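What follows is one structure encoded as structure tokens, with my remarks underneath.
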Amino acid sequence: MLQRRLKALAKAVQGITISVLATTLPRLQRVEPWYEIGVDDPYRRRERYPQAVRR
């Protein structure tokens, strides 16, 4: 179940502006590495979102 959630989250964060890392509590307690599931690609982001987002 966790692997499906990680894959779904990885798909959802493609092209975002920051790196996204995920882990589980048991992995965190065992001091295991986090999963890197998304890394910024500014060119792809500009294609997907040509207008700047304003707050």
Side-chain angles (χ1 to χ4, degrees):
M1 189 166 114
L2 174 64
Q3 290 301 326
R4 286 188 306 219
R5 288 182 181 177
L6 287 172
K7 287 180 184 179
L9 182 58
K11 185 177 178 182
V13 298
Q14 288 179 341
I16 63 168
T17 61
I18 59 172
S19 295
V20 176
L21 303 172
T23 195
T24 63
L25 182 56
R27 287 179 59 92
L28 188 62
Q29 290 171 332
R30 291 189 303 259
V31 192
E32 294 179 8
W34 289 50
Y35 298 101
E36 184 173 337
I37 59 174
V39 179
D40 186 23
D41 180 352
Y43 300 106
R44 183 174 180 185
R45 180 176 15 103
R46 285 188 196 108
E47 289 175 8
R48 289 177 76 178
Y49 308 105
Q51 294 180 342
V53 176
R54 296 182 184 188
R55 294 180 186 236

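These numbers were taken from a predicted model, which means no experiment stands behind them.
- Considering only residues two or more places apart in sequence or on other chains, Leu6 meets the side chain to side chain contact (heavy atoms under 4.5 Å, CB included) condition with Leu2, Gln3, Ala22, Tyr35.
- Residue Thr23 comes nearest to Leu28 through the heavy atom pair OG1-N, 4.1 Å, listed as atom of the first residue, atom of the second, then distance.
- Looking only at side-chain heavy atoms (C-beta outward), Arg5 and Met1 come within less than 4.5 Å of each other.
- By the side chain to side chain donor-acceptor pair (under 3.5 Å) test, Arg4 pairs with no residue at all, sequence neighbours left out.
- Contacts of Glu32 classified as side chain to side chain donor-acceptor pair (under 3.5 Å), with partners at least two apart in sequence or in another chain: Arg27, Arg30.
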